[in-house]
Student: 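So that we are looking at the same thing, I have put the structure below in structure tokens.
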Amino acid sequence: MNLQQVRLVVIGAGNRTNKYLEYAVRHPERLKLVGIVEPVEIRRTLVAEKFGVPAEACFSSFDDFFANPIEADAVLIGTPEDKHYEPCMRSIEAGYHVLLEKPISQTKHECLDILEASNRKGVIVGVCHVLRYHPYFMKIKEVIDSGELGEIISINHYAEIDIDRMMHSYVRGLWSKASKTNPMLIAKCCHDIDFLLWICKSRCRKVSSFGSLRWFNAKNAPEGSAERCINCGVEKSCPFSAVHLYKERKQWVRNFDVPEGKTLDEVLDVELERGAFGRCVYHCDNDVVDHQVVNMELENETVISFAVNAFTRNDFRGTHIKMTHGEIDGNETILRVRKFRGGEEKVYDFSDLCGQPFHAGADLNIVEEFVNNISRSNSGCEFSSTIASSIESHVVCYEAETSRLTNQTILID
Ligand SMILES: NC(=O)c1ccc[n+]([C@@H]2O[C@H](COP(=O)([O-])OP(=O)(O)OC[C@H]3O[C@@H](n4cnc5c(N)ncnc54)[C@H](O)[C@@H]3O)[C@@H](O)[C@H]2O)c1
């Protein structure tokens, strides 16, 4: 099949967008970056230089871009989630196909609006639920779909968020306030709920959830602590110290922009003194939970329990699927498949893939599928992670939040 090159504009040229753009680096004949919208000059310039995007196709705001649209087939939206809805709706209305970072948006109604608009305009809106494109999670789906283990009866699934990731992202960082981004269940775990619904192929009819911001708040601040780690009397023994995390261990430092002529240490010194990432974890303005559980019952009577845990050094997802004729359990490294009768236990070893860049290739796989589908979009959409197939995970997450906040089990219509 003769697939045409897809012309792409990116809105937001941060961490995630740069991951997806690696596909254009490796397959320039399939994907060409033709426009950039990014308010931070250093990021805009770096990406423009890397891909040879001319100055007239670089914009510092999406208002400017939509006022002077350029010829392109698709838009990749990699902005923070409070800036998904507007550029997504405007891209759809302008007739572009869209690859949209998860979470889709910030409310159930906005997600449904995007679905309606994409149907009305007949454009593909793909949602970056990258687990669907990750070899380990694809293997789980393949085993279930083969039918050799019968039907799913119940699932225990958990997402372990390493404590450093928790501090950086959900206490001090970008995803620490639900009003600014989303509740943690949606920001982080829409991936998990999407994966669970994807493998079960059944809709959720009941959901309940519990959880709270139990630890990272002012009432747990130790005596002698200060608003900033650099001034703190107990910094040397605190497991959550920003000085220790960034300056000494150099963890999670890749997202700090280092302007030309400066060093990373100089940037970190300023951040620790004045920036959001130098704040004491007990004195931030965070309001998202630090632990949560969700229970679901599906239309086919499968039951699922899911937990998100942040007080751990683990950073992976674990899943145990109990089926009528066997079971599957795994932790992203080892996947075990056991049949109750007949057949050997099968063990799949994914340790070589663990920690591999681009989500073990999933980021590139999703772009490839998106690009292939756009190239042949006249023949119908085969893209797996469309808005239509992704939206239920978001609805379930929003209803789980309602349950957590109202102490009720929610029936999903
Ligand atoms: N699929 C995944 O596994 C995954 C993983 C992490 C993050 N995400 C999601 O990806 C999105 C981006 O996260 P990130 O880690 O790349 O963040 P980031 O901060 O590195 O990148 C976001 C970029 O958007 C830019 N931006 C902000 N406002 C803008 C505007 N009005 N117009 C254009 N650009 C604007 C920022 O300057 C920044 O460069 C978020 O929605 C996040 O939840 C998805």
Side-chain angles (χ1 to χ4, degrees), residues 9-22 35-48 58-67 75-91 98-106 110-111 114 126-134 137 159 161 165-166 168-170 172-178 180-195 252-258 275-277 288 315-317 332 356-367 370 385 390 393-394 397:
V9 173
V10 294
I11 303 187
N15 164 39
R16 294 300 304 158
T17 292
N18 278 288
K19 297 274 169 29
Y20 297 123
L21 285 178
E22 177 65 17
I36 305 167
V37 184
E38 166 60 56
V40 178
E41 193 184 346
I42 179 175
R43 296 184 189 176
R44 196 171 62 240
T45 311
L46 276 176
V47 176
C58 296
F59 305 88
S60 58
S61 83
F62 56 75
D63 281 336
D64 288 350
F65 164 62
F66 288 113
V75 169
L76 164 63
I77 298 180
T79 43
E81 43 258 60
D82 61 331
K83 292 178 188 79
H84 281 192
Y85 181 72
E86 190 182 346
C88 185
M89 291 296 276
R90 290 174 76 175
S91 299
V98 179
L99 187 57
L100 174 63
E101 252 306 355
K102 50 55 60 177
I104 298 168
S105 198
Q106 286 185 292
E110 287 178 354
C111 296
I114 294 175
V127 180
C128 294
H129 279 138
V130 290
L131 297 191
R132 294 191 189 202
Y133 300 85
H134 186 293
F137 294 96
I161 303 179
R165 181 193 292 275
M166 177 71 195
H168 177 81
S169 297
Y170 302 100
R172 298 188 175 104
L174 281 181
W175 294 278
S176 57
K177 281 184 82 66
K180 183 94 181 59
T181 55
N182 257 309
M184 198 225 262
L185 186 66
I186 295 150
K188 171 78 182 160
C189 303
C190 66
H191 276 310
D192 298 275
I193 304 295
D194 180 74
F195 161 68
W252 291 93
V253 293
R254 259 182 305 167
N255 295 335
F256 295 110
D257 294 321
V258 182
F277 294 95
V288 300
D315 199 52
F316 61 80
R317 295 176 158 96
E332 290 191 43
Q356 288 297 312
F358 309 107
H359 285 128
D363 297 343
L364 308 181
N365 295 343
I366 193 171
V367 177
F370 181 72
S385 187
S390 299
S393 55
H394 284 59
C397 288

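Predicted model only: the values in this text are computed from it and were never measured. Whatever order the structure lists them in is the order used to number ligands and atoms, beginning at 1. Residues take their numbers from the sequence shown, with the count starting at 1. Computed from heavy atoms alone, side chains included, the values below leave out hydrogens, waters and symmetry copies.
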Student: Considering only heavy atoms from C-beta outward, does the side chain of E332 approach that of F137 to under 4.5 Å?
Tutor: yes
Student: Could you pull out all residues at least two apart from R90 that satisfy salt bridge (charged side-chain N to carboxylate O under 4.0 Å, His left out)?
Tutor: D63, E86
Student: Taking CD in E22 as the centre, count heavy atoms belonging to other residues, nucleotides or ligands within less than 6.0 Å. Is the count above 12?
Tutor: yes
Student: So which residues, sorted by chain and number, lie with a heavy atom under 4.0 Å of ligand 1?
Tutor: I11, G12, A13, G14, N15, R16, Y20, V37, E38, P39, V40, R43, F62, G78, T79, P80, E81, K83, H84, E101, K102, P103, C128, V130, L174, W175, H191, H359
Student: Do any pairs count as a salt bridge (Lys or Arg N to Asp or Glu O under 4.0 Å) and have a residue in residues 185-194, sequence neighbours left out, and if so which ones?
Tutor: R132-D194, D192-R317
Student: What residues form a ring pair (Phe, Tyr, Trp, His ring centres under 6.0 Å) with W252, not counting sequence neighbours?
Tutor: H168
Student: Taking atom NZ as the centre, does K180 end up with more than 12 heavy-atom neighbours from other residues, nucleotides or ligands that are less than 6.0 angstrom away?
Tutor: no
